[in-house]
Structure formats: C-alpha cells, structure tokens
Amino acid sequence: KVGFFGTSAIVGNSLPIGAGLSYDFKLNNKKKLFSVIFLGDGSIEEGSFYETINLCATMNLPVLFVCENNLYSVYSPLSVRQPKGRDNVKMINEIGINSFRADGNNVSEIFKTFKKSINYIQKKTKPCFVEFSNYRWLEHCGPNYDNELGYRKKSEYLKWKKRDCFERLRNNLKRFYGEKKILELEKKINIKIIKAFNFAENSPFPKKDEIYKDIFK
C-alpha cells in the first residue's frame, strides 16, 4: 500500500524487476506511476544493468534509476573496478536516457534533483537516471568502523566526513529556526524511535503458518 514492491541483496538484481514493474504501469495505462530503482556504483558493472538500461531506453519505460556512488564496492575502490575517467552520467545519456548528477551530501540539492527527475518522467513518460555522489562512513555490511583495514586513507575519510549531509542540514535548519527548535524536534524524533524499538522487542514472534505468507506461487 506504500508502493514498496521488494528488494534483493544480489547486486543488480532489482534492476530488471523494477523495469518489469514499470512495464506493467505502461502496459495497463497507469498514468503518473513509475518505478524507482536504487542501485550502487557496483551495479553498473553488472550485465543486468546495461540490459535493463537498454530495454528502458528502447521501450520508453517510466523508471527512475537512483545510483548512490560511494566510491567503494566492499573494499575495492572505483580505480580497480571501472575505467579511469568514466562518466556514468554521460555514458547513460549516450545510451538514450536523460541523466543528472547531484551532491548526495546536500539535502536541498537531492530534493531539487528528484523533483526535476520526477517531473521529466511524468511529463515525457520516459526513463531517467540520477547519480548521487556520497561516501560510506562504516563498514560494507555492519555497524562498525573498518578504517584499520587500510583500504582507504584516513585523510579521504575525514574530507568526506566534513560534508556529512545530516550535520549540514542541521546547521542550515538551525540558522532558520534556532537551536532550541532543533533540539525540540530531535527529542520528538528520538521518542518515536524508542517507541518503535520497544514495540518490536515486546511483540510476539510470528506464527509458524506465516512463513508461507506473501510467497509467490
């Protein structure tokens, strides 16, 4: 009911699924609807990416591709995975899909880019690609820091840390509303988070027969 159709941990696997969803929208004349596919820079190295991009460009499917480029795939930087100087936005444009680039650490720029992309898709009924430049603070999978492994420089990490999107947003809001208002909002948000954790921890485990719920047959 909220428009979430699923996810997959397999790199690039959600691309053709999202394209199929958008094809359903087009086939059944569900105007204004479009699918949003989130992917990382690692997915651009998968065959399914190019196959899906080509299909969407050829069939003019209403899809918004959102690439979060954080420069790393597990412990491998872009330099050992993709050709030097590759410009993903330019490449996707050449394939036939309107593409944009934006600062993934600037909330205002993210909002404006999404708005521009969505307006384009709904007006043209064509796919759109957006690449957001950002960075990974923690390990590839987990809540811990892993800088001691040495796959990235401390100076690089600190440079990106200064661009922390949440800290930048907080400072901007503080200039408009003042520190007191921000603290009040943070308190309300923290209370909601604590309530959500308490609800999850105190909820009973699902019944055994629920294991077959929502299974494709």
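Position 1 is the first residue of the sequence; numbering continues from there. What you see is a predicted model; the values in this text were computed from it and never measured.
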E131 side chain to C67 main-chain N or O, any donor-acceptor pair under 3.5 Å?
no

In Å and rounded to the nearest 0.5 Å, what is the CD1 to CG distance from I121 to L64?
4.5 Å

Which distance, rounded to the nearest 0.5 Å, do you find between the NE2 of H140 and the CG of L149?
13.0 Å

Is any side-chain heavy atom of L78 closer than 4.5 Å to one of D41?
yes

hydrophobic_cluster_shared for Y120 and V63, side chain cutoff 4.5 Å
no

Rounded distance (nearest 0.5 Å) linking atom CD1 of I92 with atom SG of C56:
11.0 Å

Work out which heavy atom in A19 is nearest to a heavy atom in I37; give both atom names and the distance.
N-CD1, 3.8 Å

Between L55 and Y23, is there a shared hydrophobic cluster once you connect ILVMFWY residues whose side-chain heavy atoms come closer than 4.5 Å?
yes

Kindly determine whether F132 and N69 satisfy side-chain contact (heavy atoms from CB on, under 4.5 Å), including the steps that lead there.
CA-CA 6 Å; F132 290 109; N69 189 342; over 6 Å; no

Would you say F176 ends up clustered with L169 if hydrophobic residues are merged whenever their side chains have heavy atoms under 4.5 Å apart, either directly or through other cluster members?
yes

May I ask you to test the K207-E210 pair for a side-chain heavy-atom distance under 4.5 Å?
yes

Does R86 form a side-chain contact (heavy atoms from CB on, under 4.5 Å) with I44? I'd like the steps, not just the answer.
CA-CA 11 Å; R86 171 187 278 179; I44 295 180; 4.0 Å; yes

E68 side chain to G40 main-chain N or O, any donor-acceptor pair under 3.5 Å?
no

When clusters are formed by joining ILVMFWY residues with side-chain heavy atoms under 4.5 Å apart, either directly or through shared neighbours, do I97 and F49 land in the same one?
yes

Could you tell me whether I191 atom CD1 has more than 12 heavy atoms of other residues or ligands within 6.0 Å of it?
yes

Is there side-chain contact between K126 and L61, with heavy atoms separated by less than 4.5 Å?
no

With a sphere of 6.0 Å drawn around CZ of F111, does it hold more than 12 non-hydrogen atoms of other residues, nucleotides or ligands?
no

Where the side chain of R81 meets the backbone of S76, is there a donor-acceptor pair that is under 3.5 Å apart?
yes

C165 SG to I110 CD1 distance, which is reported to the nearest 0.5 Å:
6.0 Å

When rounded to the nearest 0.5 angstrom, what distance separates NZ in K123 from CD1 in I118?
15.5 Å

Donor-acceptor contact below 3.5 Å, side chain N98 vs main chain F129
no

Ignoring hydrogens and geometry, is there a side-chain-to-backbone donor-acceptor pair from E139 to N144 under 3.5 Å?
yes

Regarding R152 and N147, do their side chains bring together a donor and an acceptor under 3.5 Å, going by distance alone?
yes

Judged by atom type as modelled, is there a donor-acceptor pair below 3.5 Å linking the side chain of S43 to the main-chain atoms of V11?
no

Report yes if some heavy atom in the side chain of L39 is under 4.5 Å from a heavy atom in the side chain of F65; otherwise report no.
yes

Any chance you could lay out the side-chain contact (heavy atoms from CB on, under 4.5 Å) test for S155 and K159, step after step, and finish with the verdict?
CA-CA 6 Å; S155 57; K159 180 181 177 181; over 6 Å; no

Kindly compute the distance separating OG1 (T7) from CD1 (I17), expressed to the nearest 0.5 Å.
8.5 Å

Would you say NZ of K30 has more than 12 non-hydrogen atoms from neighbouring residues, nucleotides or ligands within 6.0 angstrom?
yes

Return yes if some donor-acceptor pair links the side-chain N/O of S117 with the main-chain N/O of C128 below 3.5 Å, else return no.
no

Does Y50 offer a backbone N or O that forms a donor-acceptor pair with the side chain of N54 under 3.5 Å?
no

Do D103 and R168 sit within salt-bridge range, that is, some charged N less than 4.0 Å from a carboxylate O?
yes

Decide whether Y151 and D146 meet the rule of one side-chain donor and one side-chain acceptor closer than 3.5 Å.
yes

Close side-chain approach of W137 to W160, heavy-atom, < 4.5 Å:
yes

For a quick test of reading the model, state the closest non-hydrogen atom pair linking T52 to P16 and the distance between them.
OG1-N, 3.5 Å

Has K26 got a side-chain atom pairing as donor or acceptor with M59's backbone, closer than 3.5 angstrom?
yes

Ion pair check, E109 and R101, cut-off under 4.0 Å
no

Are the side chains of K31 and F25 in contact, using a 4.5 Å heavy-atom criterion?
no

If Ile, Leu, Val, Met, Phe, Trp and Tyr residues are connected whenever their side-chain heavy atoms lie under 4.5 Å apart, and connections chain through other members, are F34 and F5 in the same group?
no

Backbone of G104 reached by a side-chain donor or acceptor of R163 within 3.5 Å
no

Taking NZ in K161 as the centre, count heavy atoms belonging to other residues, nucleotides or ligands within less than 6.0 Å. Is the count above 12?
yes

For side-chain contact (heavy atoms from CB on, under 4.5 Å), just list the numbers for N88 and Q82, CA-CA rounded to whole Å, side-chain angles, deciding distance to a tenth of an Å, and then say yes or no.
CA-CA 10 Å; N88 292 323; Q82 297 183 20; 3.9 Å; yes

Between R170 and L173, is any pair of side-chain heavy atoms under 4.5 Å apart?
no

Measure the shortest side-chain to side-chain distance between F114 and F100 over non-hydrogen atoms and say whether it is less than 4.5 angstrom.
no

